[in-house]
Student: 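The structure is given below, and queries will be raised subsequently.
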Amino acid sequence: MCRNIVPLNNLQPAATDEECHDAAVQFVRKISGTNAPSRANQAVFDRAVEEIAQATRALLDGLVTSAPPKNREQEASKRRARSAERYEAIRVFQEEKRAARATT
């Protein structure tokens with residue numbers, strides 16, 4: 001799964017229609033392979049976004065769980081921590097790679 005996709009189920013407060021729309025845009029961009037469609041494809045791109053946003057809203061409204069709702073701030077904090085770890089690992093790897101090149 002793409003690291004940028006944020007789970008929207010079982011959040012407190014619940015996911016908004018805007019979040020469903022944003023998730024749909026992200027999905028359509030990923031599937032179509034473009035961030036901005038050409039003018040010729042704009043209408044079909046927009047229609048796909050709206051249909052997926054509606055399907056996302058229906059999915060989230062229909063899901064049931066016995067788990068307690070997740071706190072948005074805590075979940076965001078966890079994502080930021082994972083991201084910081086990932087970027088630090090990348091930075092260390094790149095430094096090691098540069099050092100190895102410098103010694104050869």
Side-chain angles (χ1 to χ4, degrees):
M1 179 161 74
C2 181
R3 284 188 283 246
N4 294 335
I5 295 176
V6 178
L8 297 176
N9 185 37
N10 199 28
L11 291 176
Q12 187 62 33
T16 65
D17 288 342
E18 182 179 348
E19 288 172 312
C20 291
H21 181 270
D22 292 346
V25 168
Q26 189 175 31
F27 180 78
V28 172
R29 284 177 175 169
K30 185 73 168 182
I31 296 301
S32 68
T34 182
N35 282 338
S38 66
R39 281 183 282 183
N41 292 325
Q42 187 68 52
V44 72
F45 188 92
D46 292 343
R47 187 171 57 247
V49 167
E50 290 310 312
E51 290 173 2
I52 292 169
Q54 289 174 1
T56 301
R57 177 86 271 159
L59 172 67
L60 292 175
D61 290 346
L63 292 173
V64 294
T65 182
S66 59
K70 297 174 189 166
N71 180 287
R72 283 179 174 272
E73 287 305 314
Q74 289 175 347
E75 295 300 311
S77 177
K78 289 178 192 177
R79 286 193 306 274
R80 285 190 295 271
R82 283 191 304 267
S83 179
E85 288 175 17
R86 188 169 47 252
Y87 286 117
E88 177 61 17
I90 291 169
R91 187 190 64 74
V92 168
F93 173 77
Q94 290 172 339
E95 283 181 1
E96 290 172 354
K97 192 173 175 182
R98 280 188 216 108
R101 270 188 278 164
T103 60
T104 57

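Atoms considered below: every heavy atom in the structure, side chains included; atoms not considered: hydrogens, waters and symmetry mates.
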Student: Quick one: does Arg72's side chain have a donor or acceptor within less than 3.5 Å of a partner on Pro13's backbone?
Tutor: yes
Student: Just verifying a value: how many Å separate Asn9 CG and Leu59 CG, rounded to the nearest 0.5 Å?
Tutor: 7.5 Å
Student: Find the distance between CG (Asp17) and OG1 (Thr56) and round it off to the nearest 0.5 Å.
Tutor: 10.5 Å
Student: Please identify each residue that fulfils side-chain contact (heavy atoms from CB on, under 4.5 Å) with Ser77, with sequence neighbours left out.
Tutor: Arg80
Student: So, Glu75 and Arg79, do they make that salt bridge, N to O below 4.0 Å?
Tutor: no
Student: If I compare all heavy atoms of Arg57 with all of Thr16, which pair ends up nearest, and what's the gap?
Tutor: NH1-C, 3.4 Å
Student: If you compare all heavy atoms of Phe27 against all heavy atoms of Ile52, which two are closest, and at what distance to 0.1 Å?
Tutor: CD2-CD1, 3.4 Å
Student: Other residues, nucleotides and ligands only: do more than 12 of their heavy atoms fall within 6.0 Å of CD on Glu95?
Tutor: yes
Student: Same cluster or not: are Val49 and Ile31 linked, directly or through other Ile, Leu, Val, Met, Phe, Trp or Tyr residues, by side-chain heavy atoms under 4.5 angstrom apart?
Tutor: yes
Student: Quick check: closest heavy atoms across Asn71 and Gln74, and the distance to 0.1 Å?
Tutor: OD1-N, 2.9 Å
Student: I'd like to know if Glu50 and Arg47 make a salt bridge, using a cut-off of under 4.0 Å between side-chain N and carboxylate O.
Tutor: no
Student: May I ask you to check whether over 12 heavy atoms, not counting those of Glu88, lie within 6.0 Å of atom CD?
Tutor: yes
Student: Looking at Leu8 and Ala15, what are the two nearest heavy atoms and their distance?
Tutor: O-CB, 3.8 Å
Student: List the atom of Cys20, the atom of Leu60, and the distance in Å for their closest heavy-atom pair.
Tutor: SG-CD1, 3.7 Å
Student: Which pair of heavy atoms, one from Arg29 and one from Asn35, lies closest together, and at what distance?
Tutor: NE-O, 3.2 Å
Student: Less than 4.0 angstrom from a charged side-chain N to a carboxylate O is my criterion; do Glu85 and Arg82 meet it?
Tutor: no
